[in-house]
Amino acid sequence: MASFSNFQMIHFLLIFSSYLLIPTSSNSHSHQPHNHVAFFIFGDSLLDPGNNNYINATTLNQANFTPYGETFFKYPTGRFSDGRLIPDFISEYANLPLIPPYLLPGDHEFTYGANFASGGAGALDEINQGTVVNLNTQLRYFKKVEKQLRQKLGDEESKKLLLDAVYFISIGGNDYISPLFRNYSVFYSHKQYLDMVMGNLTVVIEDIYQKGGRKFGFVNMGPLGCLPAMKAIKLQQGSSDECLEEATVLVKLHNTVLPDVLQGLESKLKGFKYSIFDFYTTAKERMDNPSKYGFKEANIACCGSGPYRGLYSCGGMRGTTEYELCSNVSEYMFFDSFHPTERTYQQLAELVWSGSHNVIKPYNLKQLFEHSEEGIPCNKFEHLPYTMNK
């Protein structure tokens with residue numbers, strides 16, 4: 001037992017030190033906490049920096065073991081990739097320090113924001129219940145942060161920080177994958193189920209708005225049916241089609257309805273501004289034309305086993321101990337059966353940050369970060385041409 005405790009302590013210290021030692025601009029702002037725009041993150045494994053390290057999660061919803069984290073951090077941080085995720089790159093572009101997991105032990109000020117995302121989480125509380133931080137719980141954590149900021153900064157300063165902050169949300173993938181394995185369709189039509197997901201998401205957005213949130217960034221659903229894991233399932237079913245159509249139907253419904261929901265919120269919530277990143281199109285484009293984006297492989301995962309390395313065995317901690325690992329992760333679009341590589345995330349983050357109207361609209365995140373509720377009139381908040389972030 002002593003050796004296990006020592007291992008846990010070493011692992012914690014490694015993770016904690018990463019947020020102190022990774023080069024960022026945080027040092028230059030350490031005594032000027034209000035000269036920046038805070039960044040609050042909600043969602044699932046696409047955005048989770050390691051919150052599931054600190055809850056009673058199963059290894060299916062954890063990535064705190066090798067070879068995760070091997071590229072950038074050199075050890076597993078809990079991110080479901082070989083390195084950094086979209087929020088890590090956005091923080092860099094916005095001149096913020098790396099935003100750590102909200103649940104990371106320690107004394108946090110949260111003046112730069114917080115990341116509440118949890119791998120396996122859904123908009124619905126029932127998704128992976130008891131082993132993830134669902135969206136409603138993430139909202140409760142945000143309300144605790146809001147209260148802490150008011151106590152630390154006072155009402156006026158905390159209100160300004162929350163008004164100027166950007167709120168980034170990616171949720172829904174687990175909601176739409178779960179019905180494929182749990183026969184939810186017996187009880188709900190596609191429309192009824194989508195209404196439940198969107199209803200929960202809307203309530204969370206409105207609650208954040210009531211606490212001061214005005215600028216929201218959303219990631220729509222990627223091509224879930226074409227992930228290596230889904231392709232492997234389709235192959236086992238003996239189908240000639242590569243992608244799992246059942247997942248694609250729900251994804252396309254979500255991506256059709258999300259803009260309408262946000263436009264409705266914009267019309268009734270004064271000052272509400274949003275962006276939607278077209279994850280589906282940008283990811284599918286890379287799957288269909290990998291060499292155009294510097295990849296050699298976009299169908300098979302770098303880490304896993306079975307056809308397409310679609311068996312979710314990366315790291316050997318999820319019931320199957322044997323797994324394969326590619327020799328050059330930079331050549332791959334997907335790191336494991338469900339999640340992209342750091343290289344993929346970096347390309348997507350550049351589009352989220354400064355992409356043109358064909359991939360993110362009505363604004364990109366750079367514009368949201370630069371917009372101030374007090375300092376910039378709305379007629380100056382315009383669409384900028386796409387420029388690749390260097």
Side-chain angles (χ1 to χ4, degrees), residues 1-23 44-89 98-101 103-105 115 117-121 128 131-133 227-229 232 295-297 300-346:
M1 181 174 292
S3 61
F4 181 68
S5 298
N6 289 339
F7 173 80
Q8 285 185 310
M9 179 59 71
I10 291 169
H11 187 255
F12 164 73
L13 290 174
L14 283 171
I15 292 175
F16 181 76
S17 65
S18 71
Y19 298 99
L20 300 177
L21 299 177
I22 292 172
D44 52 29
S45 57
L46 290 179
L47 309 181
D48 180 7
N51 278 306
N52 284 8
N53 297 346
Y54 311 105
I55 63 173
N56 186 31
T58 68
T59 53
L60 287 173
N61 295 318
Q62 288 180 321
N64 55 349
F65 43 85
T66 57
Y68 290 98
E70 65 175 16
T71 298
F72 182 78
F73 299 98
K74 308 305 180 187
Y75 58 87
T77 64
R79 290 167 173 80
F80 291 78
S81 187
D82 60 300
R84 291 164 290 181
L85 310 179
I86 290 175
D88 300 318
F89 290 107
L98 203 66
I99 307 296
L103 294 177
L104 179 72
N115 190 328
S118 170
N128 297 315
T131 63
V132 300
V133 183
L227 299 176
F295 299 107
K296 290 187 178 180
E297 182 55 70
I300 301 171
C302 170
C303 186
S305 55
Y308 302 103
R309 294 193 183 122
L311 181 61
Y312 194 39
S313 61
C314 184
M317 300 289 286
R318 300 184 176 115
T320 301
T321 57
E322 294 184 1
Y323 64 95
E324 300 172 355
L325 182 65
C326 67
S327 58
N328 187 353
V329 66
S330 67
E331 296 178 348
Y332 285 72
M333 179 176 175
F334 290 98
F335 183 65
D336 69 16
S337 311
F338 292 95
H339 305 101
T341 58
E342 179 185 77
R343 184 175 187 184
T344 306
Y345 278 131
Q346 183 170 16

Going from [atom1] on [X] to [atom2] on [Y], what distance comes out if it is rounded to the nearest 0.5 angstrom?
| X | Y | atom1 | atom2 | value |
| --- | --- | --- | --- | --- |
| Leu85 | Glu342 | CG | CD | 8.5 Å |
| Leu227 | Tyr308 | CG | OH | 12.5 Å |
| Met317 | Phe65 | CE | CZ | 6.0 Å |
| Cys314 | Leu325 | SG | CG | 6.5 Å |
| Lys74 | Thr66 | NZ | OG1 | 14.0 Å |

Side chains of Thr77 and Arg79 only: does a donor on one sit below 3.5 Å from an acceptor on the other? yes
Could you verify whether a donor N or O on one side chain and an acceptor N or O on the other, from Ser118 and Asn52, lie under 3.5 Å apart?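 Looking only at side-chain atoms, Asn52 and Ser118 do form a donor-acceptor pair, the distance falling under 3.5 Å.
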Residue of the set Pro228, Pro67, Pro340 for which side-chain contact (heavy atoms from CB on, under 4.5 Å) holds with Phe335: Pro67
Begin from the C-alpha positions of Thr131 and Leu60 and carry the test side-chain contact (heavy atoms from CB on, under 4.5 Å) through to its verdict. CA-CA 10 Å; Thr131 63; Leu60 287 173; over 6 Å; no
Kindly give the heavy-atom pair with the smallest separation between [X] and [Y], and that separation in Å.
| X | Y | value |
| --- | --- | --- |
| Asp44 | Ala121 | CB-O, 3.7 Å |
| Gly310 | Ala232 | CA-CB, 4.0 Å |
| Cys303 | Gly315 | SG-N, 4.1 Å |
| Leu46 | Tyr345 | CD2-OH, 3.1 Å |

Can you check whether [Y]'s main-chain N or O pairs, donor with acceptor, with [X]'s side chain at less than 3.5 Å?
| X | Y | result |
| --- | --- | --- |
| Arg318 | Gln62 | yes |
| Thr341 | Val329 | no |
| Glu70 | Asp82 | no |
| Ser337 | Arg309 | yes |
| Asp48 | Asn51 | yes |

Crowded around Asn56 CG? As in, over 12 foreign heavy atoms under 6.0 Å?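 No - once you tally the heavy atoms of other residues, nucleotides and ligands closer than 6.0 Å, there are 12 at most.
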Side chain to side chain, [X] and [Y], heavy atoms closer than 4.5 Å:
| X | Y | result |
| --- | --- | --- |
| Tyr323 | Leu311 | no |
| Leu104 | Tyr54 | yes |
| Pro101 | Asn115 | no |
| Glu297 | Phe334 | no |
| Phe295 | Arg343 | yes |
| Ile55 | Asn61 | no |

Quick check, are the ring centers of Tyr312 and Phe338 under 6.0 angstrom apart? yes
SG to SG below 2.5 angstrom is the rule I want applied to Cys302 and Cys326. Does it hold? yes
Once you measure the plane-to-plane angle for His339 and Phe80, does it fall in the parallel (<30°), tilted (30-60°) or perpendicular (>60°) bin?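 His339 and Phe80: tilted rings.
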